[in-house]
**Q** 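Below are the structure tokens for one structure; questions will follow.
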Amino acid sequence: MASVIGFRVLPFFVSNSETKYGGRVQVRSLGDADAKVLSSDSVVANGTTIGGERGKGGTSIDQGNGHLRSKAEEKRRVKDEALETLKPLWNDGYGTETVSDFFDMAKDIVKHDGGPPRWFCPVSCGRPLKDAPILLFLPGMDGTGLGLVLHHKALGKAFEVWCLHIPVHDRTPFEGLVKLVEETVRFEHALSSHKPIYLVGDSFGGCLALAVASRNPAIDLVLILSNPATSFGRSQLQPLFPILEAMPDGLHSAVPYLLSFIMGDPVKMAAVNIESSFPPGQRFERLSRSLTGLLPYLSGSDDIIPKDTLLWKLKLLKSAAAYANSRLHAVRAEVLVLASGKDNMLPSRDEAERLKNSLQDCVVRYFKDNGHTLLLEDGIGLMTVIKGTSKFRRSRRHSYASDFLTPSMTELNYACDQIIGYLRLASGSILFSTLEDGKIVKGLAGVPNEGPVILVGYHMLMGVELSSVAEGFLREKNIMFLLSQAIFSNCFQQNHMCFFILVVHVRLCITRLFRVATDPILFSTLEDGKIMKGLAGVPSEGPVLLVGNHMFFGLELPSLAEGFLREKNVMIRGLAHPMLFSRMFESSSSEFSITDWVKVFGAVPVTGSNFFKLLSTKSHVLLYPGGSREALHYKGEEYKLFWPDQQEFVRMAARFGATIVPFGAVGEDDVAEMLLDYNDLIKIPVVNDLIREAISQNTMKVRDETKGEVANPNLSFPLMVPKIPGRFYYLFGKPIKTKGREDILKDKQVANQLYLQIKAEVERNMAFLIEKREEDPYRSIVDRTLYKAMYAPTEVPAFET
């Protein structure tokens with residue numbers, strides 16, 4: 001006999017008539033195959049009542065006029081109405097919902113709770129893009145299904161989000177929950193077998209996701225596990241669990257309050273909707289007010305998890321962990337594990353390493369400052385993590401072209417404020433040193449104050465540790481000028497490449513953002529040849545191919561990408577070295593780093609097929625023909641082009657009628673001076689062996705070029721001396737149209753002439769900027785800082801064009 005259940009539609013699942021479809025509540029029982037699913041309160045969306053029942057034929061939706069429409073028909077209707085793409089800098093809603101909202105919603109749910117587990121779709125998710133895959137959220141111990149409340153709006157753009165709700169007094173065993181999720185997965189797979197199904201498991205939900213994946217190896221699943229409870233048997237709280245059973249009911253109200261501090265970081269929870277751009281005083285005031293408002297919710301959380309429910313959930317966790325661990329060998333799904341560094345409930349970091357070694361396809365991202373309730377704490381949004389790890393796809397294979405989602409405004413602001421730092425401080429950094437007697441102490445007491453001193457260590461990616469080391473010496477030991485006598489010799493042992501930095505007279509403020517320190521200014525050329533400030537001369541409609549020169553290590557990239565986003569609302573798709581997309585840097589302690597951010601902001605591996613796909617989608621494509629040879633050039637080669645003899649990018653552009661815009665960028669010699677390059681470093685004992693080994697192990701080739709400087713594989717990081725920052729200048733030349741130029745495709749000589757014309761234009765742009773920057777009265781950061789102090793945050797002018 002089919003079971004019929006009711007589910008009250010709560011106020012926060014209903015908004016205006018335009019978004020009610022996204023918030024429909026589909027409820028499914030744990031009965032047999034004929035189980036009916038309906039909502040006790042009908043939700044009317046644009047004249048349509050969403051309810052009905054689910055039989056063998058699938059889910060039906062009552063249209064309000066006596067006719068039933070199948071779920072498959074409904075999906076086809078929504079597919080026709082859905083958007084295909086997101087505009088750059090879209091609103092992802094991060095910060096509009098807080099942990100306080102989570103508790104309000106959770107308490108409202110438990111007041112009217114009853115019946116077996118079922119699915120619901122939050123209205124705040126809205127309507128997803130066309131061909132969006134389904135995402136099933138599997139909750140943690142709370143069972144409310146509201147654990148993604150901070151991420152609903154962002155995820156709702158890319159996925160059809162369903163959340164599993166397990167009522168407070170439900171006692172369904174773990175195998176029953178596995179069956180419910182499995183039936184839903186199989187049903188969705190039958191509807192859209194070509195699309196992946198995402199299972200996002202939080203803690204206990206991680207065990208549930210792994211169990212379902214192990215039983216369905218043939219279904220294309222993507223698992224995202226946030227501090228999965230597969231390590232429950234090794235929990236730090238195991239000795240306390242027997243005490244909970246013997247605790248009197250009168251004292252139980254304090255247990256959820258205490259657990260909330262153990263499971264999560266209240267400060268990180270309170271900081272969700274507080275912008276980092278606020279001044280420190282204002283930020284602290286808002287944080288204090290938010291934290292004060294959050295604490296009463298924590299003390300009243302015993303309504304969400306009563307004593308009998310808590311004891312049942314602990315038993316359920318034990319059986320879930322045992323079930324999932326016994327079947328890890330059968331998991332064929334793609335897995336992303338999110339592990340917290342301050343998880344006081346589970347050894348999540350160690351468990352992430354174990355899962356990475358046990359599962360066939362597992363990637364880990366480590367969040368060192370977060371607690372167990374990672375998804376409810378301040379930090380990077382879940383949608384950003386999915387994009388940055390290349391886990392978002394609409395079909396069986398990920399496509400860098402068609403599966404790319406443009407960055408949101410939140411992502412741009414976060415990247416600009418936190419990532420693109422000149423020597424940005426890593427928040428929360430702690431320095432330890434070793435005394436003469438071998439004792440390790442906090443601080444730098446063990447490091448001599450008198451030079452010369454050589455500090456030798458390993459390099460994190462792109463030297464992100466340098467800013468914290470530099471500030472530590474400045475603040476604690478007050479040796480700013482003594483740093484001129486110290487050589488920082490940092491060897492990146494993971495790929496055996498060495499990076500040397502000599503710090504001389506460090507007088508700049510190391511916490512300044514890179515874009516503030518260099519104050520980039522962009523110029524473009526109109527059709528009539530007039531040069532003007534801004535990007536008006538660059539076409540807004542694609543396909544457009546931007547071709548230019550690399551400054552050292554691609555220093556020009558962040559400001560260039562940000563300029564197009566902010567001024568033209570255009571997303572640039574850069575063709576980058578495949579090494580950035582490999583897993584050679586992956587480990588169980590890999591944090592969300594610059595290699596992930598380049599993917600968030602549209603970079604793709606430089607291959608002919610990716611180039612083809614980007615132009616075919618009318619994108620703005622960024623190409624550096626000089627590649628790594630230009631980005632890691634030698635002394636005296638600052639503005640020298642190293643382009644291959646081949647002109648294939650010209651022919652590819654002509655094939656799609658793309659507009660080619662040559663550009664030049666200058667300013668690297670105003671930021672740092674190169675002291676030792678490859679030719680010098682290769683003469684140093686020990687260092688030369690490491691460099692040769694790195695070159696021999698680097699098997700990633702981006703072109704078949706076998707001659708000329710561009711094919712020179714002898715590249716390494718040089719020894720640089722920082723300078724007081726000058727300014728970055730960009731000049732985009734007159735657009736070159738290839739539409740209708742069939743002669744470029746048919747005649748290689750014509751293509752080569754255009755190729756040489758583009759190269760010459762890039763060189764002219766650089767020469768123009770090098771000459772004109774001498775006329776810029778605000779080329780120095782000192783002059784620009786004084787100007788801003790006098791005229792508030794107005795844009796600093798430059799030379800006249």
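Note: hydrogens, waters and symmetry copies are ignored here, and every other heavy atom, side chains too, is used.
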**Q** For this output row, return yes or no: ring centroids of Phe392 and Phe159 closer than 6.0 angstrom.
**A** yes
**Q** Does Pro228 offer a backbone N or O that forms a donor-acceptor pair with the side chain of Glu351 under 3.5 Å?
**A**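 Judged by distance alone, no pair lies under 3.5 Å.
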**Q** Without swapping roles, check the side chain of His151 against the backbone of Leu382 for a donor-acceptor pair under 3.5 Å.
**A** yes
**Q** Taking all heavy atoms of Ser358 and all of Leu328, pick out the closest pair and write down the distance.
**A**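 Closest pair (atom of Ser358, atom of Leu328, distance): CB-CD1, 4.3 Å.
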**Q** Just by modelled atom types, is the Ala190 backbone N or O under 3.5 Å from a matching donor or acceptor in the Ser193 side chain?
**A** no
**Q** Between Arg234 and Asp350, does at least one N-O distance fall below 4.0 Å, as a salt bridge requires?
**A**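 Between Asp350 and Arg234 there is no salt bridge, as every charged N stays at least 4.0 Å from the carboxylate O atoms.
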**Q** Write down the atom of Ser319, the atom of Phe174, and the distance for their closest heavy-atom approach.
**A** OG-CB, 3.9 Å
**Q** Do Thr98 and Asp101 have a side chain donor and acceptor closer than 3.5 Å?
**A**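 Indeed, the side chains of Thr98 and Asp101 share at least one donor-acceptor pair under 3.5 Å.
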**Q** If the condition is side-chain contact (heavy atoms from CB on, under 4.5 Å), which residues does Asp220 pass it with, not counting sequence neighbours?
**A** Pro196, Arg393, Arg396
**Q** Give the minimum heavy-atom separation between Phe204 and Ala320, together with the two atoms involved.
**A**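 Smallest interatomic distance, heavy atoms only, reads CE1-CB, 3.6 Å.
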**Q** Between Ser340 and Lys342, is there a donor-acceptor pair closer than 3.5 Å when you use the side chain of the first and the backbone of the second?
**A**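 No: the side chain of Ser340 does not pair with the backbone of Lys342.
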**Q** For Glu182, is there an ion pair with Arg186 - N to carboxylate O distance below 4.0 angstrom?
**A** yes
**Q** So, the side chain of Asp403 versus the backbone of Ser399: is there a donor-acceptor pair under 3.5 Å, distance only?
**A**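 Yes.
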**Q** When you look at Val604 and Leu575, which way does the side-chain contact (heavy atoms from CB on, under 4.5 Å) test go after all the steps?
**A** CA-CA 5 Å; Val604 303; Leu575 296 167; 3.4 Å; yes
**Q** To check you understand the geometry: which heavy-atom pair defines the closest contact between Pro117 and Leu164, and what is its length?
**A** CB-CD1, 4.2 Å
**Q** So which atom in Leu317 and which in Ala229 form the shortest heavy-atom distance, rounded to 0.1 Å?
**A**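 Looking at all heavy atoms of both residues, the shortest contact is CD2-CB, 3.6 Å.
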**Q** Looking at Asn227 and Ser348, would you say the former's side chain and the latter's main chain have a donor-acceptor pair under 3.5 Å?
**A** no
**Q** Check whether any side-chain heavy atom of Val364 sits under 4.5 Å from a side-chain heavy atom of Ser590, and report yes or no.
**A**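 SC-SC contact between Val364 and Ser590 ruled out.
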**Q** So do the side chains of Leu359 and Leu223 get within less than 4.5 Å of each other, counting heavy atoms only?
**A**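 Of all side-chain heavy-atom pairs linking Leu223 with Leu359, none is under 4.5 Å.
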**Q** Counting N and O atoms only, with roles assigned by atom type, does the side chain of Arg397 sit under 3.5 Å from a partner on the main chain of Ser395, one being a donor and the other an acceptor?
**A**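 Pair absent, no side-chain N/O of Arg397 close to backbone of Ser395.
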**Q** Indicate yes or no: at least one non-hydrogen side-chain atom of Thr184 is less than 4.5 angstrom from one of Trp162.
**A** yes
**Q** Start with the C-alpha distance between His152 and Cys125, add both sets of side-chain angles, then the distance that settles side-chain contact (heavy atoms from CB on, under 4.5 Å), and finish with yes or no.
**A** CA-CA 5 Å; His152 279 165; Cys125 289; 3.8 Å; yes
**Q** Using a 3.5 Å distance criterion without hydrogens, assess whether the side chain of Tyr94 forms a donor-acceptor pair with backbone atoms of Gly379.
**A**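 Yes: the side chain of Tyr94 pairs with the backbone of Gly379.
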**Q** Minimum heavy-atom separation for Asp596 to Thr389, with atom names?
**A**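 Of all heavy-atom pairs spanning Asp596 and Thr389, the closest is OD1-CG2, 4.1 Å.
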**Q** Have a look at Phe592 and tell me which of Tyr414, Tyr366, Trp597, Phe367 forms a ring-ring contact (aromatic ring centres under 6.0 Å, His included) with it.
**A**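 The single option meeting the ring-ring contact (aromatic ring centres under 6.0 Å, His included) with Phe592 is Trp597.
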**Q** A side-chain contact here means heavy atoms from C-beta on lying under 4.5 Å apart; do Leu346 and Ser235 qualify?
**A** yes
**Q** Side chain of His165, backbone of Trp119: donor and acceptor closer than 3.5 Å?
**A** no
**Q** Quick one: are Phe102 and Glu97 in side-chain contact, heavy atoms under 4.5 Å?
**A**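 Phe102 does not reach Glu97 side chain to side chain.
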**Q** Looking at Asp308 and Arg171, is there a salt bridge between them, counting it only when a charged N and a carboxylate O are closer than 4.0 Å?
**A** yes
**Q** Are the charged groups of Glu591 and Lys368 less than 4.0 angstrom apart, N to O?
**A** no
**Q** Any side-chain heavy atom of Pro133 within less than 4.5 Å of one from Ile197?
**A**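 No, too far: nothing below the 4.5 Å cut-off.
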**Q** With a cut-off of 6.0 Å (strictly less than), are more than 12 heavy atoms of other residues, nucleotides or ligands near NZ of Lys391?
**A**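 Buried by this count: over 12 neighbours within 6.0 Å.
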**Q** A side-chain contact here means heavy atoms from C-beta on lying under 4.5 Å apart; do Val212 and Leu199 qualify?
**A**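 They are in contact (side-chain heavy atoms under 4.5 Å apart), so the answer is yes.
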